Number of protein chains: 2
Amino acid sequence: MCELLAMSANVPTDIVFSFTGLAQRGGVTGPHVDGWGITFYEGKGSRTFKDACPSSESHIAKLIKSYPIKSEVVISHIRQANRGCVSLENTHPFTRELWGRYWTYAHNGQLSDYLAKFQVSRYQSVGDTDSELAFCWILEQIAAKFGDRRPDDMQAVFKFVATLAEEIRALGVFNMILSDGEYLMSYCSNNLCYITRRAPFGKAKLIDTDVVIDFDKETTPHDVVTVIATRPLTENENWHVMQPGNWKLFRLGELVIDL
Amino acid sequence: MCELLAMSANVPTDIVFSFTGLAQRGGVTGPHVDGWGITFYEGKGSRTFKDACPSSESHIAKLIKSYPIKSEVVISHIRQANRGCVSLENTHPFTRELWGRYWTYAHNGQLSDYLAKFQVSRYQSVGDTDSELAFCWILEQIAAKFGDRRPDDMQAVFKFVATLAEEIRALGVFNMILSDGEYLMSYCSNNLCYITRRAPFGKAKLIDTDVVIDFDKETTPHDVVTVIATRPLTENENWHVMQPGNWKLFRLGELVIDL
């Protein structure tokens, strides 16, 4: 299995605190030692940092923990390989372009008997994971249904993705994070939770390492920041635990679809 | 304008030495302060590090200079903006997937009156540079001509790209680096040179900063490493200067097409 982390915010926000907790699970407090990755959106641009080595030991993860990149949308993943070997091409998140936007995706879970379903041509897998192929298939279905130009009603697109995710969940465990850089979707198969922080901000303490942050000192009263994770990252806050089949759509930190 | 750097090697090789020289041109010995990026292929996987700030000041560039990532193919670019604002989405190299491979591209030069020519739908620009749109157009033409599966004869694909590059050169200056992770193509409009290093290896001294390397200590007798750059990076070696309209195709460090 793997662990997911994502963020949606209404102001460029760094994810150093949450990533510090997650990275510990890549070899210290968790067994997810088969690579890790993190994608930051900055405006329409995005950049992804990846390593096939454990996040708790990675030079690049150390940079991410010490160098605050301010972003409106972040997706991160630490991997414990089940399908596909340990290699850079099998490391999440995966990114493809559609409608002049970078779409980024990460998956936690495992699928079976999926090859017949995931027929693709426009978007093809580079690696050999079930996860990447499912992502390619989702994008292929979106492009087939909505055409070559970005529709005005993007919520309709994510509603369609939810129906695809439901189909995929029939093949196994499918906890998914997906973003086009503006919207952030989370789909729960069995393990996913989230928290939305807004004023009045308080202190939070990581579960996985002895770090405390006082968000009141790091934010302004107008900030709204949602963090999504496989398991809660802090021990003194109330995380919303998602139920199997639930999905949420966030934009600028706010929940815009709650199903 | 901008500067390009690329490498093709028959063994995973780090580019720390060459990148150290190039990064100086991003604010110290050169005026290319509007961002930089570098893509490393490791097997079929790839990872790109980017920053919209000058390479000479970038925390991430400092990591790349100190953390040797071993790669068979590398593409790097430092930017002095002409078309398109300074932002992450306008920072080269650009990457798209085709035939289950990541294709990576960087461009030096400037094009005019290109919008009518570069009609795209499958591959669309995220940013607003002439460079990225030209890349999207090239991939769109490749997919249209060769279909949805990677042909056995990849050299035919790059020969076709050369005809497209020739068309693009009619619109301005088009020095280009393109790779699918296996092949590395360089197309010269006015400024591009390369060097192939093989045994017996010697010492090399950077032009842009006071660094000397003894390749004999860093290599094995079987290593073949080609480096491509806008201008020579070392002062005591003979770089091959490409001529306008020339293009070269490299694979595993060796020149396989020389036109």
Side-chain angles (χ1 to χ4, degrees), chain A residues 35 37-52 58-64 66-69 71 84-91 94-103 119-128 132-133 135-136 139-140 143 147-150 180-181, chain B residues 35 37-52 58-64 66-69 71 84-91 94-103 119-128 132-133 135-136 139-140 143 147-150 180-181:
Chain A
I38 186 166
T39 300
F40 298 90
Y41 282 93
E42 292 156 78
K44 289 174 73 183
S46 75
R47 44 182 164 172
T48 299
F49 298 84
K50 284 186 176 185
D51 227 338
S58 163
H59 282 269
I60 301 168
K62 193 183 290 181
L63 174 86
I64 302 301
S66 65
Y67 178 56
I69 294 175
S71 181
C85 62
V86 178
S87 64
L88 194 62
E89 69 261 32
N90 285 341
T91 305
F94 301 103
T95 298
R96 296 286 189 279
E97 175 269 319
L98 169 64
W99 301 328
R101 300 274 179 146
Y102 295 118
W103 290 66
Q119 298 291 325
V120 292
S121 61
R122 172 168 166 175
Y123 295 98
Q124 294 177 34
S125 276
V126 175
D128 57 0
E132 186 187 12
L133 189 56
F135 176 45
C136 292
L139 290 181
E140 192 117 350
D148 281 337
R149 300 293 154 192
R150 188 174 198 259
D180 69 340
Chain B
I38 186 166
T39 300
F40 298 90
Y41 282 93
E42 292 155 78
K44 289 173 73 185
S46 76
R47 43 182 165 171
T48 298
F49 298 84
K50 284 186 174 185
D51 226 339
S58 164
H59 282 269
I60 300 168
K62 192 184 291 181
L63 174 86
I64 302 301
S66 64
Y67 178 56
I69 294 175
S71 181
C85 62
V86 178
S87 63
L88 194 63
E89 68 262 31
N90 285 341
T91 305
F94 300 103
T95 297
R96 296 287 189 279
E97 175 268 322
L98 170 64
W99 302 329
R101 300 272 179 149
Y102 294 118
W103 290 67
Q119 298 291 325
V120 292
S121 61
R122 173 168 165 174
Y123 295 97
Q124 294 178 34
S125 277
V126 175
D128 57 359
E132 185 188 12
L133 189 57
F135 176 45
C136 293
L139 290 180
E140 191 119 350
D148 280 337
R149 299 295 152 191
R150 189 173 195 258
D180 69 341

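Keep in mind that the numbers below use all heavy atoms, side chains included, and drop hydrogens, waters and symmetry copies. The shown structure was predicted, so the numbers you read here are calculated from the model rather than taken from an experiment.
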Would you indicate whether the side-chain heavy atoms of [Y] and [X] approach each other to under 4.5 Å?
| X | Y | result |
| --- | --- | --- |
| A/Glu97 | B/Thr95 | no |
| B/Phe94 | B/Leu139 | no |
| B/Asp180 | B/Trp99 | no |

Say you draw a straight line from OG of B/Ser87 to CG of B/Asp128; how long is it, rounded to the nearest 0.5 Å?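 Between B/Ser87 OG and B/Asp128 CG, I get 6.5 Å after rounding to 0.5 Å.
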
Between CG of B/Leu88 and CZ of A/Arg47, what distance do you get to the nearest 0.5 Å?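 Spacing of CG (B/Leu88) from CZ (A/Arg47) equals 5.5 Å.
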
Please state whether the side chain, the backbone, both or neither of [X] comes within less than 4.5 Å of a heavy atom of chain A.
| X | answer |
| --- | --- |
| B/Ser46 | backbone |
| B/Arg96 | side chain |
| B/Asn90 | neither |
| B/Ser121 | both |

A/Gly45, A/Gly181, A/Gly37, A/Gly100: which one forms the most heavy-atom pairs within less than 4.5 Å of chain B?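 Ranked by contacts with chain B, first place is A/Gly100.
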
For the interface with chain A, which of B/Val120, B/Thr48, B/Ile60 has the highest count of heavy-atom pairs at distances below 4.5 Å?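 Among the listed options, the one with the most contacts to chain A is B/Ile60.
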
Do you know which of B/Glu132, B/Arg122, B/Glu89 has the most heavy-atom pairs with chain A at a distance under 4.5 angstrom?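 That would be B/Arg122.
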
What part of A/Tyr67 gets within 4.5 angstrom of chain B, counting heavy atoms only: side chain, backbone, both, or neither?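 For A/Tyr67, side-chain heavy atoms alone lie under 4.5 Å from chain B.
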
Identify the two heavy atoms, one from B/Ser125 and one from B/Cys136, that lie closest to each other, and give their separation to 0.1 Å.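 The answer is N-SG, 3.7 Å.
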
